[in-house]
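Read the structure below first, then the notes.
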2 protein chains.
Amino acid sequence: MEKRDKILYAALELFATEGYNAVSTNKIAKYANVSEGLIFRHYKNKQGLLDAILEQAFEKVTVLYAHILMEQDPKEILRKAIVLPFEVDESEYHFWKLQFKLKWELEISGREKMQPFIDKLEWAFQELGYQEAKNEAELLNHALEGIAGGIIKQGFETQEPLKSFLLKKYNV
Amino acid sequence: MEKRDKILYAALELFATEGYNAVSTNKIAKYANVSEGLIFRHYKNKQGLLDAILEQAFEKVTVLYAHILMEQDPKEILRKAIVLPFEVDESEYHFWKLQFKLKWELEISGREKMQPFIDKLEWAFQELGYQEAKNEAELLNHALEGIAGGIIKQGFETQEPLKSFLLKKYNV
DNA sequence: TATTTTTGCAAGTGATTACTCACTCATATG
DNA sequence: CATATGAGTGAGTAATCACTTGCAAAAATA
């Protein structure tokens with residue numbers, strides 16, 4: 001692995017576990033086994049390093065949601081949406097944790113990227129004859145975000161019962 | 001207001017808006033119109049200042065949940081729980097935002113304090129004849145946390161429709 | 001092979017960090 | 001009045017912060 005990437009992944013892991021402001025560039029360098037100056041040769045500054053990480057994260061999110069956004073069967077949309085948080089690859093765990101952390105630490109909303117997903121949920125609920133499709137979509141999204149957060153903070157198993165429960169509830 | 005309290009409220013506001021690690025004691029002192037040294041006369045260190053804030057926050061949370069924990073009518077429990085996020089006093093806004101921020105920035109769970117509330121929800125669902133009371137309680141809790149977070153980040157109005165929607169959904 | 005470009009490091013930079021110290025002042029108590 | 005005490009300050013402290021510089025080795029290009 002190139003040192004440039006070692007820096008990025010070290011920063012990702014540290015940012016995700018300790019937070020952006022709590023991690024110094026010196027710490028990143030030591031964790032990546034690299035001189036501190038090299039960070040600034042490859043990235044403009046600390047913020048630029050974070051931007052590079054978020055860009056990669058954005059790609060991963062895009063891929064993850066792609067299957068759902070392409071799906072045409074409303075029931076299948078709901079099923080895939082519910083199952084989604086439970087099928088996040090462990091190797092991408094840090095990316096997800098960082099999303100949640102930054103959402104609050106730096107007030108990076110992430111809402112814009114989610115909107116197409118929520119819209120698709122709304123459409124699915126509409127197709128299935130739900131009266132208040134929009135509210136149903138917002139509510140399910142809240143629940144799924146809560147589940148994802150629960151998985152990140154307390155582990156997989158704690159949220160597992162909610163998966164089958166939701167699948168049953170929405171009959172998918 | 002005593003300077004000791006001015007420090008506390010200045011720190012609360014700054015921590016809530018910018019985050020714990022992003023705010024220096026120098027900044028707090030200037031914001032509170034106080035010498036930096038005074039912070040450390042009244043509080044052991046920066047962490048001690050945060051602890052004092054959280055202690056006050058804990059009392060507020062306790063009061064807020066007290067009404068629900070004392071309630072005996074299951075329907076009324078659900079109704080009060082759903083309405084709760086919408087009735088947070090604006091003067092306590094910073095306390096709430098700080099809770100969410102610290103939950104992720106410093107990984108302070110807050111789960112322990114919530115557990116009696118979730119248990120009460122479960123009991124209410126059980127009384128109302130719901131099959132999977134525990135899952136219903138966890139799900140509603142996730143939704144309500146999502147709504148509270150939405151109120152804090154995007155404002156009251158954005159979540160308003162979900163209130164009446166939930167009240168209707170649970171028939172309370 | 002000669003020359004340029006990229007990659008990398010060690011040792012810096014000034015600014016900022018959390019925190020301490022020596023001290024003054026106001027009030028209270030004997 | 002004399003003295004003890006706690007509130008308050010402003011100038012420090014060493015450590016750490018994000019970031020820069022000078023220079024060498026390596027790699028790519030000619």
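Note on naming: letters A, B, ... go to the chains in the order of the sequence lines (proteins, then strands), and numbering restarts at 1 for each one. Given the structure is predicted, the values throughout are model-derived calculations rather than measurements.
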Residues in ring-ring contact (aromatic ring centres under 6.0 Å, His included) contact with A:Phe117, at least two apart in sequence or another chain
A:Tyr65
Whole-Å gap separating C1' (C:dT17) and CG (A:Asn21)
13 Å
Mind checking side-chain contact (heavy atoms from CB on, under 4.5 Å) for A:Thr158 and listing every partner two or more places apart, or none if nothing turns up?
A:Gln154
What residues in residues 5-16 of chain B put a non-hydrogen atom under 4.0 Å from any atom of DNA chain D?
none
Crowded around B:Glu90 CD? As in, over 12 foreign heavy atoms under 6.0 Å?
no
Is the phosphate of C:dT16, meaning OP1 or OP2, less than 4.0 Å from a side-chain N or O of B:Ser24?
no
Under 4.0 Å, heavy atoms only, any strand: does A:Thr25 hit a base, just the sugar-phosphate, or nothing?
base
Could I get the full list of side-chain contact (heavy atoms from CB on, under 4.5 Å) partners for B:Asn26, not counting sequence neighbours?
B:Ser24, B:Lys30, B:Glu36
Round to the nearest Å and state the distance from B:Glu2 atom CD to D:dG6 atom C1'.
12 Å
Do B:Glu145 and B:Lys103 meet the salt-bridge criterion of a basic N to acidic O distance under 4.0 Å?
yes
Value in whole Å for how far the P atom of D:dT13 lies from CG of B:Asn26
17 Å
Residues B:Lys101 and A:Glu107 bridged, charged N to O under 4.0 Å:
yes
Mind listing the residues from residues 28-47 of chain B sitting with a heavy atom below 4.0 Å of DNA chain D? Number order is fine.
B:Val34, B:Ser35, B:Gly37, B:Leu38, B:Arg41, B:His42
Which pairs with one or both residues in residues 117-128 of chain A pass side-chain hydrogen bond (donor to acceptor under 3.5 Å, both in side chains), sequence neighbours excluded?
A:Gln115-A:Asp119
Answer whether the closest heavy-atom distance between the side chains of B:Glu136 and B:Leu121 falls below 4.5 Å.
no
Looking at B:Lys3, does any N or O in its side chain come under 4.0 Å of the phosphate oxygens OP1/OP2 on D:dT9?
yes
